[in-house]
Amino acid sequence: MSQITSSLNHHQTPLRVNHLQCLNLSWLGFSEEFTQVMGNCDWGIEPEVFITKAHWLVHKQMTVEVLRAIEEFCFAPNAPSALLFKNLPVDNLLPLTPKTSGVSAAKCPISEGLILGIGRCFGQPFTYPYLKERGGLIQDLVPMEAEKNLASTGGSLVELKMHRDFPFHPEATSPDLLFLLCLRGDSTQKAYTMLCDARTLCNALEPEDVELLRLHPIEWRFPNPDQFFQKPAITGTRENPCVNLTDENVAPGSTIGSPIEEVQSAYERLREKAAELATGVFLSYGDLLIISNKRTVHARTSFTPRFDGSDRWLKKIFISFNLWNNGNCQWPSREMPLG
């Protein structure tokens with residue numbers, strides 16, 4: 001069972017309940033029909049055939065309530081920041097948790113069909129060229145021993161702090177949604193996915209800080225001199241702001257901030273307030289967490305893996321609402337240029 005917790009103290013304003021909507025699903029017979037329809041179809045070999053079949057199978061299971069929730073989540077201005085689908089019929093006989101997040105020999109066809117098929121109900125699954133070595137269209141998020149002390153997707157002993165995926169990319173090429181499907185939860189129950197709604201966050205800041213962070217860009221400088229980015233920490237509309245935080249995968253020697261003291265102080269307060277307002281979700285077997293990458297920042301708490309095949313295992317995909325309509329990606333390719 002998923003657990004939801006908050007880092008709020010009793011005197012603080014809690015995250016509004018509707019910013020995380022939870023739906024319990026009961027898809028009886030899905031696994032049997034999936035096996036019959038798919039046969040030997042493999043998403044790594046025939047991605048478009050696999051996605052089309054998975055989409056058809058998933059859509060047959062959707063109730064009016066779920067379809068309405070999907071439509072509102074994608075398009076309503078007051079939509080929640082995240083959806084949590086529970087009790088999905090992922091593979092019964094799971095292999096050991098992979099040791100790396102690259103292309104795995106471990107096959108989980110039902111789970112892969114679920115995440116791609118449900119993803120297709122929201123938009124179009126896609127990836128980036130440089131993520132091929134991490135699995136491509138579907139990535140395995142697992143603790144890796146070589147990265148255990150890093151603030152990265154393969155890290156574990158170090159907290160992965162509040163961030164938005166790919167804040168450097170132009171909005172047209174950054175993911176609209178992130179999908180996290182849990183195949184195996186953390187046995188220590190320490191690994192939580194932390195969520196903070198951008199609307200709640202900006203409303204909790206002093207107006208002066210919001211204005212500073214909208215007007216003045218934050219600079220991300222990396223050891224590679226070609227990797228230098230500038231972007232305001234708050235973009236988007238007043239009603240639906242987008243918060244551009246990142247503390248993930250920061251290489252040693254990198255700097256993030258502003259040369260203007262007042263802006264740097266406001267940025268630090270933004271980071272602190274995001275952590276303060278965050279709500280935690282513990283993912284268990286069969287849970288699918290869908291995060292709006294445009295109206296949410298997220299994090300992951302630290303945990304201690306065993307590296308024995310029993311560790312936390314999530315599958316992740318990116319979703320775009322306009323993959324082939326923005327001029328950046330040409331049909332039928334699902335590899336988004338970097339920007």
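As the structure is a computational prediction, the values presented were derived from the model and not from experiment.
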Tell me whether [X] is salt-bridged to [Y], with the criterion being a basic N under 4.0 Å from an acidic carboxylate O.
X	Y	value
E239	R199	no
D186	R306	no
E112	K315	yes
E268	R271	yes
E272	R269	no
E211	R214	no

Less than 3.5 Å apart, any donor N or O on the side chain of E147 or S152 sitting next to an acceptor on the other?
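Their side chains do contain a donor-acceptor pair, which is all the 3.5 Å distance test asks for.
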Just checking, any donor-acceptor pair under 3.5 angstrom between side chains of N87 and N24?
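Present: a donor and an acceptor within the cut-off.
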Could R295 and F73 be counted as a cation-pi pair, given that NZ or CZ must be under 6.0 Å from the ring centre and within 45° of the axis?
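Geometry flag: set, cation within 6.0 Å and 45°.
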Measure up the Y128 and F126 rings against each other and bin them: parallel (under 30°), tilted (30 to 60°), perpendicular (over 60°).
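Rings of Y128 and F126: perpendicular, over 60°.
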Mind checking salt bridge (charged side-chain N to carboxylate O under 4.0 Å, His left out) for R120 and listing every partner two or more places apart, or none if nothing turns up?
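Scan of R120 (salt bridge (charged side-chain N to carboxylate O under 4.0 Å, His left out), adjacent residues dropped) gives none.
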D176: what forms a salt bridge (charged side-chain N to carboxylate O under 4.0 Å, His left out) with it, not counting sequence neighbours?
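Residues passing salt bridge (charged side-chain N to carboxylate O under 4.0 Å, His left out) with D176: K294.
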Candidates M38, E48, E46 - the one meeting side chain to side chain contact (heavy atoms under 4.5 Å, CB included) with K53:
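It is M38; the other options fail the test.
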Given 3.5 Å as the limit, does a donor-acceptor pair link the side chain of D91 with the main chain of L94, or not?
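Such a contact is absent between D91 side chain and L94 backbone.
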Using modelled atom types only, decide if a donor and an acceptor are shared between the side chain of W313 and the backbone of L96 within a distance under 3.5 Å.
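No; zero donor-acceptor contacts below 3.5 Å.
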side-chain contact (heavy atoms from CB on, under 4.5 Å) between R184 and T97, intermediate numbers included:
CA-CA 8 Å; R184 183 172 284 130; T97 298; 2.7 Å; yes
